[in-house]
Amino acid sequence: MPRFAIQFLVLKSIVRFTRYSSQHIAFAVTAGLVAMILASVLQAALVRVAIEDLNGKKPAFGDCMGTAFLLLLPTIGIALLATFGAALALLLLIVPGVILFLRWSVAVPVLVQERRGVLGSMARSRDLTKGSRWSLFWLWIILIVAAMAIQLALVAIIPHLGAVAAIALDAVVSALVYTLTAIAPAVCYVELRRVKEGTSVEDLAKIFA
């Protein structure tokens, strides 16, 4: 959410609409749907990349993307349920929303690695994160603060650049920030399984054998 807010301010400083038309709204909705699909594909692919890399193997592009597209709909389902569930809890009270976010924070890695379906992956994530949510909380605080600092620095730099350079820089920085926050759940998943179940990275990799 902080990343989204700052990102909006960056784009607003580059492009200003004098009025909103139906075309603007249609474009925004379409862009949002496309962004959600691409984000889901990227997240699932990065989970696969992270596991392969931790296992000392060279991730294969075709294999990673094939896994991501195969699990596209369940990944979107988890994203929607987790986002709306945590957002609803945040509206009622902040603490329950944070707890739900942490509880479901490794649901996508579970889906990619264990193929348990949407609800099964969310339940498995709840079990894996139990007892470790304070550690996860501080990890995400560090990541969020770092992302906000990077985006704030970007906001300060953008006005001194041309429009094309500003958009290009914004896209690169946003991609790097998203990649970092997408890989984090995969690393957490591997570590949680190692600590709780004694499962090695090699054992996780065998799931794909």
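Model, not experiment: these values are computed from the prediction. All residue numbers in this chain count up from 1 along the given sequence. Excluded from the calculations below are hydrogen atoms, water molecules and symmetry mates; all remaining heavy atoms, backbone and side chain alike, are included.
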*Asks:* How would you list, by chain and number, every residue that makes a side chain to side chain contact (heavy atoms under 4.5 Å, CB included) with Arg126, sequence neighbours excluded?
*Replies:*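 Arg126: side chain to side chain contact (heavy atoms under 4.5 Å, CB included) contacts with Arg103, Ala123, Arg133.
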*Asks:* Please determine whether side-chain contact (heavy atoms from CB on, under 4.5 Å) holds for the pair Met122 and Leu100, giving the CA-CA distance in whole Å, both sets of side-chain angles, and the decisive distance to 0.1 Å.
*Replies:* CA-CA 10 Å; Met122 296 175 75; Leu100 287 179; over 6 Å; no
*Asks:* As an exercise, state the distance from CG of Leu46 to CG of Leu180, rounded to the nearest 0.5 Å.
*Replies:*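 Leu46 CG to Leu180 CG: 10.5 Å, rounded to 0.5 Å.
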*Asks:* What is the distance from atom CZ of Arg124 to atom CD of Gln113, rounded to the nearest 0.5 Å?
*Replies:*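 Taking CZ in Arg124 and CD in Gln113, the distance rounds to 11.0 Å.
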*Asks:* Side chains of residues 137-150: which donor-acceptor partners sit under 3.5 Å, not counting sequence neighbours?
*Replies:*
none

*Asks:* Does anything in residues 182-191 form a salt bridge (charged side-chain N to carboxylate O under 4.0 Å, His left out)? List the pairs, not counting sequence neighbours.
*Replies:*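 For residues 182-191: Glu191-Arg194.
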*Asks:* Could you measure the distance from the SG atom of Cys188 to the CG atom of Leu136? Nearest 0.5 Å is fine.
*Replies:*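 Reported to 0.5 Å precision, the distance equals 5.0 Å.
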*Asks:* Would you name the heavy atoms of Leu192 and Leu128 that are closest together and state the gap between them?
*Replies:*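 Smallest heavy-atom distance, with atoms named: CD2-O, 3.6 Å.
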*Asks:* Could you list the donor-acceptor pairs under 3.5 angstrom formed by side chains in residues 68-76, with sequence neighbours left out?
*Replies:*
| from | atom 1 | to | atom 2 | distance (Å) |
| --- | --- | --- | --- | --- |
| Thr75 | OG1 | Leu71 | O | 2.6 |

*Asks:* Who pairs with Ser125 by side chain to side chain contact (heavy atoms under 4.5 Å, CB included), at least two apart in sequence or on another chain?
*Replies:*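 Ser125: side chain to side chain contact (heavy atoms under 4.5 Å, CB included) contacts with Val106, Ala107, Thr129.
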*Asks:* Are Val47 and Leu111 close enough, and set up right, to give a side-chain contact (heavy atoms from CB on, under 4.5 Å), and what steps lead you there?
*Replies:* CA-CA 10 Å; Val47 168; Leu111 173 69; over 6 Å; no
*Asks:* Kindly work out whether a path of hydrophobic side-chain contacts (I/L/V/M/F/W/Y, heavy atoms less than 4.5 Å apart) joins Val187 to Val49.
*Replies:*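 Hydrophobic grouping puts Val187 apart from Val49.
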